[in-house]
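In what follows, a single structure is set out as structure tokens and then discussed.
We're numbering straight along the sequence, starting at 1.
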Amino acid sequence: MAIRLREYSYGQIRLAEGPLKARFELNKQYVMSLTNQNLLRNFYLEAGLWSYSGNGGTTSASTTSKDGPEHWHWGWESPTCELRGHMMGHWLSAAARIYAQTKDPMVKAKADTIVQELARCQEANGGEWLAAFPESYMHRIVQGKWVWAPHYTVHKLLMGLYEMYKIAGNDQALKIMDKMASWFYRWTERFTRDQMDDLLDMETGGMLEVWADLYGLTQAVEHRELIYRYDRRRFFDTLLAGKDVLTNKHANTQIPEILGAARAWEVTGDERFRHIVEAFWQCAVTQRGYVCTGAGDDAELWMPPGQIAERLGVGQEHCCNYNMMRLAQVLLRWTGDPIYADYWERRFINGVLAHQNGETGMISYFLGVGAGSKKTWGSPTQHFWCCHGTLIQANAAYETPIYSEDEEGIIVNQWIPSKLETEWEGTRTSLSLTQNGQNGLYPLNGWSVEGMTAITRVDIPSIPVHRPDHFVYDLTVTCEQPTELTIKLRLPWWLAGEPVILVNGTPHSGTFKPSSYCEISGKWSNGDTIHVEFPKRLRVEPLPGQSGTVAFLDGPIVLAGLSQEERRLYGNLEDPESMLIPDRERNHSWWNPGYYRTKDQERGIRFIPLYEVKDEMYSVYFPVERR
């Protein structure tokens with residue numbers, strides 16, 4: 001089975017100016033604020049390259065007077081935490097992606113310096129082993145003694161090194177990976193299959209994926225052998241047998257292993273790995289169902305299929321959200337089926353954006369949807385939860401899923417303001433996607449020159465009286481000479497009617513349905529345009545297992561009612577407007593999608609987008625009694 005879609009290289013797609021780009025920049029500022037000394041401290045300690053004196057001095061690197069312990073990284077990066085070092089891999093990955101997007105030489109210089117120092121630590125450790133914890137952790141898990149996920153932590157480091165090589169072009173990172181692979185090859189060759197399976201039953205993270213990534217680069221026999229040694233057969237074979245092996249299991253143990261199986265299929269061609277991935281999606285998503293944000297997990301555990309009402313606790317985990325988005329992107333690439341792009345979008349708007357504080361850039365580990373939920377924000381240096389790491393990765397890679405291509409042309413998978421630069425059949429072609437300044441997602445949209453002129457000029461079409469019921473997008477094609485190709489536009493799952501699609505001002509006819517692609521074929525010239533209007537509406541989605549309890553969505557946007565307790569609403573589920581009406585729909589020069597308030601209810605409740613909630617208590621699901 002072939003791969004249907006090709007993805008573009010990092011750097012070919014750039015975010016356009018706007019609030020999403022501002023979030024990217026906020027993340028970049030945080031990534032660059034973490035000092036080399038703090039990121040490397042535990043690696044230096046393990047390699048014997050760091051000593052601390054009372055005045056903040058060290059033997060490993062120049063420091064400032066502000067390098068005392070009060071400024072160190074704590075929480076899960078504390079020198080006493082067994083998971084220490086996991087943040088390094090996420091940081092390297094984020095830095096590589098940020099550099100690809102910005103070409104900022106300071107980002108590259110900082111990341112290259114850290115890779116150089118990691119190589120120095122590896123040499124001090126004997127030339128192969130590299131981690132922020134000792135090799136003895138690996139020997140302890142062989143003896144059946146508990147250690148907090150050493151494989152998981154090493155995977156993060158290897159992942160970051162791989163992306164520093166693959167994305168940022170750092171050759172030293174690949175050499176470090178290769179030497180680490182030699183250590184693991186020798187360490188695992190003495191185990192029987194049963195012993196190896198016992199080891200894999202402890203959280204291994206994405207070790208399978210990094211071995212597949214490495215083999216994809218080197219084609220070395222040893223690296224292929226590591227793929228099969230890290231094949232978690234007890235889990236995979238049970239999935240292939242069609243059994244539910246997920247309920248009440250740790251979700252973010254299993255999703256990275258499935259991402260590893262996906263990559264293993266891509267580099268080996270072994271169809272069993274692809275079947276594992278497909279069986280997992282059936283079990284985790286299709287048969288299980290999910291809450292309105294897309295999550296099938298709560299408190300890090302998979303919820304029972306179709307029986308989610310009893311599990312609305314602390315909510316989805318950001319790591320699970322991010323890794324399921326990655327998996328959806330893999331399946332989109334394999335199949336070309338837009339349902340996976342729909343799923344990615346749902347998880348992005350109501351996951352990545354909702355887990356991040358848009359003002360501080362910090363992360364909420366969990367995201368609840370039950371009554372009286374509240375986000376708990378991490379700090380810049382005191383927590384370093386696992387989700388802290390996927391936070392900086394996710395917010396460094398908004399652009400990668402937006403476009404792809406197939407044999408016929410270019411595909412718009414995500415409606416995010418951006419620009420693609422590529423060649424098509426030898427002709428340099430630029431496809432630029434910009435979101436209309438009035439009708440986009442807020443805060444993905446905000447103040448604009450167009451919005452300001454619209455409220456001051458009277459010689460242009462008047463502003464609609466009320467909030468528009470559609471999202472508007474414009475694409476502009478730029479090419480050196482007329483180019484024959486097909487442009488495919490994803491018609492999203494939340495489409496609430498017939499879209500308007502104009503090509504150079506002329507209506508484009510066709511059959512339009514949600515979760516499909518609209519194909520526009522022809523010879524494109526410089527300056528050709530496509531104008532798109534997607535109608536949306538207020539809608540409800542029932543809670544799986546409790547059909548009379550619903551969440552409200554404005555198009556793709558999950559709404560949060562600012563209520564500290566469960567409140568019963570009265571109305572007609574087929575007519576959500578019988579319960580909610582628009583609220584605060586206009587803010588100076590832009591519209592506010594997702595702002596509503598209750599109508600004719602026992603108590604007034606304001607509803608805002610889940611991604612705008614910061615410190616308020618909120619509820620997403622409400623029981624509804626027909627009136």
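The aromatic ring centres of Trp493 and Tyr343 sit 6.0 Å or more apart. Taking the six-membered ring for Trp, Phe348 and Trp344 have ring centres closer than 6.0 Å. Annotation: Tyr137 is not in aromatic contact with Trp148 [ring centroid separation under 6.0 Å not met]. The six-membered or imidazole ring of Trp187 lies away from that of Trp129, with a centre-to-centre distance of 6.0 Å or more. Taking the centre of each ring, Tyr215 and Tyr228 stay at or above the 6.0 Å mark.
Enclosure of atom NZ in Lys614 by more than 12 non-hydrogen atoms of other residues, nucleotides or ligands within 6.0 angstrom is indicated. The neighbour count for Arg4 CZ, taken as heavy atoms of other residues, nucleotides or ligands under 6.0 Å away, does not exceed 12.
Considering Tyr30, Trp91, Trp76 as possible partners of His388, the one that fulfils the ring pair (Phe, Tyr, Trp, His ring centres under 6.0 Å) test is Tyr30.
Judged by the 6.0 Å and 45° rule, Arg229 forms a cation-pi pair with Tyr185.
Between the CG atom in Asp406 and the NZ atom in Lys488 there is a gap of 3.5 Å [rounded to 0.5 Å].
Between Arg346 and Asp342 there is no salt bridge, since no side-chain nitrogen of the basic residue lies less than 4.0 Å from a carboxylate oxygen of the acidic one. In this structure, Asp213 pairs ionically with Arg263, as a charged nitrogen and a carboxylate oxygen lie closer than 4.0 Å.
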